[in-house]
There are 2 protein chains.
Amino acid sequence: MATIRDVARRAGVSIATVSRVVNEQPGIRPETRARVHDAIDELSFRPNAIGRSLKAGTSRVLGVMVPTLANPVFAEAVEGLQHEARKAGYGVMVTTSDYDADTERAAVETLMIGRVDALVLTVRDAADAATRAWLDAIDRPVVLIYNEPGSRPTVTVDNAAAGAAAAEMFVRLGHSRLAVVAGSLTGSDRSRARWLGFANALQAQGCPPPVKVEIPFHQTDLGQAIADLMAGDAPPTGLFCSNDLIAMRTMAALRELGLGVPGDVSVMGFDGIATCRLLHPSLSTVSQPSRTMGEAAATLVLKELAGGVAEPFTILPHRLVEGGSVGPPPRAAQRGPTTSPTERGVPST
Amino acid sequence: MATIRDVARRAGVSIATVSRVVNEQPGIRPETRARVHDAIDELSFRPNAIGRSLKAGTSRVLGVMVPTLANPVFAEAVEGLQHEARKAGYGVMVTTSDYDADTERAAVETLMIGRVDALVLTVRDAADAATRAWLDAIDRPVVLIYNEPGSRPTVTVDNAAAGAAAAEMFVRLGHSRLAVVAGSLTGSDRSRARWLGFANALQAQGCPPPVKVEIPFHQTDLGQAIADLMAGDAPPTGLFCSNDLIAMRTMAALRELGLGVPGDVSVMGFDGIATCRLLHPSLSTVSQPSRTMGEAAATLVLKELAGGVAEPFTILPHRLVEGGSVGPPPRAAQRGPTTSPTERGVPST
DNA sequence: CACGCGAATGAGAACGTTTTCATGTTTTAG
DNA sequence: CTAAAACATGAAAACGTTCTCATTCGCGTG
């Protein structure tokens, strides 16, 4: 691996001159420049970013942490972020936290040791005291994405309003008994915000508060949870899921139970994962512009690195996508408690 | 940001001693060690990875390039890789190539300048001469994933055998007129291998060669392409798609055309994306262990970095997942050319 | 009591850059 | 033709580590 010194020797100049040529600084005789370029080519010299970083005190690397890349929402955001970063000549170091608070902290610590110039993070709960503590202690630009706005610049959608919009859609169609199926209602700030917006809007419309169902992160089969939920006397006619992945699994579980969507139960998701539009019935969902969020976060953080000051928060527009998974409630449900909606209905408790 | 020098001053020792304490080297008096630790805590000193890297000549960062993170297959592989890397104390720099050969080269160049210790890549075509040229010129450990085995250590599945397995499944069910719907048959080595395995197996079974349909990378609506494909006198009764994303879109397009899956046409995917199992009908597919592939690649590359020598290739097992999207061909098709299979059939050309 | 030996610590070079300041060489103006 | 100004280049320090040699200290041994 050739160093600047090798190039200098070969070209018969000093390392300072080579550096100037490499960085395209003015004040080099064309002839000298050519000689240096030749040497660079001959040795296929690539300036060592580490040496450069050490001197410059900057690594030109962005650190990114998301809960998981297995959820396309985050994967797409990272993709957008990465594109934007590359355009600006920045690299992107990626870590995942698996929705675990301790892992979050450790992962960010690792990124900081890696000397990233700035961070783009999604944490479980930006309002959590412990999280805020270490978050506020970070001495570099930080931008949060997907989290609820707090002490750090944040790029997100209006989760409460989005939850309310979902509620209003259900109510408009005639639903009143609703449930929320969430990954971790207690732990995740955005999930909580969606829930709150949803529940408040329902209350405003005079509906009873929605039932809550919480699903542990790693549980992929929702069969039991959904069966339990639908087993009561007056099961919900509409389910608001805290993300599309859960919504898909919920639909699969309902199908297992012999319940039709949206005939017996309506299902609504959150995120707007592309593949969910291809389901049958296609999933109604609140879509957020993931890729754009990643791009916006990159732009924001790069701006801050360039000496600018980042907006405290950027709220991107969400969009209610009306798919086929939401329809009016079944007739029976409108009259109150009834028998199982289908012949294969689950036994009542 | 405190440096080792600040700590040394504060603890009243030399920087060498601090370095020894930080790196847990023996031969330090417990008392001294304690004093240094105190200073470290007081200044919340974190050793600068860049300084360390410069001296050590190693960055403890792995570079990863995949076509896109929007395809869960790659996102999951990166997730697995990242986990494994972190366990070993390595960071992961991620780039995407958008399936573009020029971008591939540029992206890898960027990673190399970033001084990653080793690379894990998925390229369009590992057999392509130009690609091989720059690939072979890389002076660090490189592991390819998803690509066909070539001059560099590779982690993949047996794409040809997987393609053949798909073909055999179709034939076993009675299909003979088949088509392949691929992202870029010409450009991608794995897609080509699947195609070859598929076509050869068909030939071996005495079936006519499959029709090819190629879909540009960014084209998400396959309506026209599928309509054209199904418009002929004797349209295919089974479609083998080069990945699950395309398979999903193909199913959506078929539905648009009023064709039933698998009643009128059977559809088979490739990859085993988790969400496709939740489709209705669930997608039959050849599943590859993406996460494991990422982990294996990380293990391999780390082993090589540790001075070991990597196996030239690792073939992980694929698995034929029998979903609901593949069934016997419609009766009519078995008798040869007929009228459109449904009342909403597409006009014949 | 001097000597030597091992343990603990320090001084300083090295890693590959960038950058400041100094120096040598042209060019331009007078 | 000379002096000054503009230009081109070089020497060396600095960034924050690690690591190799010294060096110092304490102490047991002859």
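Quick note on labels: first sequence line is chain A, next is B, and so on, each numbered from 1.
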Notebook entry, point to check: In this structure, are over 12 heavy atoms from other groups packed under 6.0 Å from B:E24 atom CD?
Noted result: no

Note to self: Taking only side-chain N and O atoms of A:T17, does any of them lie within less than 4.0 angstrom of OP1 or OP2 on D:dA8?
What the structure shows: no

Next item on the list: Assign A:V13 to base, sugar-phosphate, or nothing according to its heavy-atom contacts below 4.0 angstrom with the strands shown.
Entry: sugar-phosphate

Note to self: Between A:D98 and A:T103, does the side-chain hydrogen bond (donor to acceptor under 3.5 Å, both in side chains) criterion hold? Intermediate values first, please.
What the structure shows: CA-CA 7 Å; A:D98 296 331; A:T103 311; 5.7 Å; no

Checklist line | Whole angstrom value for the distance that separates P of C:dT17 from CZ of A:R115 | finding: 21 Å

Note to self: Exactly one of B:L62, B:D117, B:V143 should register a side-chain contact (heavy atoms from CB on, under 4.5 Å) with B:L302. Which one does?
What the structure shows: B:L62

Next item on the list: Rounded to the nearest angstrom, tell me the gap between atom CZ in A:R5 and atom P in D:dA13.
Entry: 13 Å

Margin query: How many whole angstroms separate atom CD1 of A:I4 from atom C1' of C:dC15?
Written below: 13 Å

Next item on the list: Round to a whole Å and report the spacing from CG of B:D6 to C1' of D:dG16.
Entry: 10 Å

Note to self: What is the distance, to the nearest angstrom, from the CG atom on B:N23 to the P atom on D:dG16?
What the structure shows: 17 Å

Item checked: Nearest-neighbour nucleotide for the A:R29 side chain, C:dT18, D:dT9, D:dC19 considered -> D:dT9

Check: With a 4.0 Å cut-off on heavy atoms, is A:E31 in touch with a base, just the backbone sugar-phosphate, or nothing at all?
Finding: nothing

Checklist line | Those residues of residues 35-55 of chain A lying under 4.0 Å from DNA chain D by at least one heavy atom | finding: A:L54, A:K55

Notebook entry, point to check: Of B:R20 and B:A56, whose closest DNA chain C nucleotide lies nearer the 5' terminus?
Noted result: B:R20

Next item on the list: Looking only at side-chain atoms of A:I15, point me to the closest of D:dT17, D:dT9, C:dT18.
Entry: C:dT18

Next item on the list: Could you tell me whether A:E295 and A:R291 make a salt bridge, using a distance below 4.0 angstrom between a side-chain N and a carboxylate O?
Entry: yes

Next item on the list: Using atom CD1 of A:I113 as one end and atom C1' of D:dG16 as the other, report the distance to the nearest whole Å.
Entry: 15 Å

Next item on the list: Could you tell me whether A:R192 and A:D125 have a side-chain N and a carboxylate O separated by less than 4.0 Å?
Entry: yes

Margin query: Any side-chain N or O of A:S19 below 4.0 angstrom from OP1/OP2 of C:dT18?
Written below: yes

Note to self: Using a strict threshold of under 4.0 Å (side-chain N to carboxylate O), is an ion pair present between B:E311 and B:K303?
What the structure shows: yes

Notebook entry, point to check: Do NZ/NE/NH1/NH2 and the carboxylate oxygens of A:R10 and A:E42 come within less than 4.0 Å?
Noted result: yes

Item checked: OP1 or OP2 of C:dG10 under 4.0 Å from side-chain N/O of B:S14 -> yes

Notebook entry, point to check: C:dT19 P sits how many Å from A:Q25 CD, rounded?
Noted result: 7 Å

Margin query: Rounded to whole Å, how long is the line connecting atom CD1 of B:I28 with atom P of D:dT18?
Written below: 13 Å

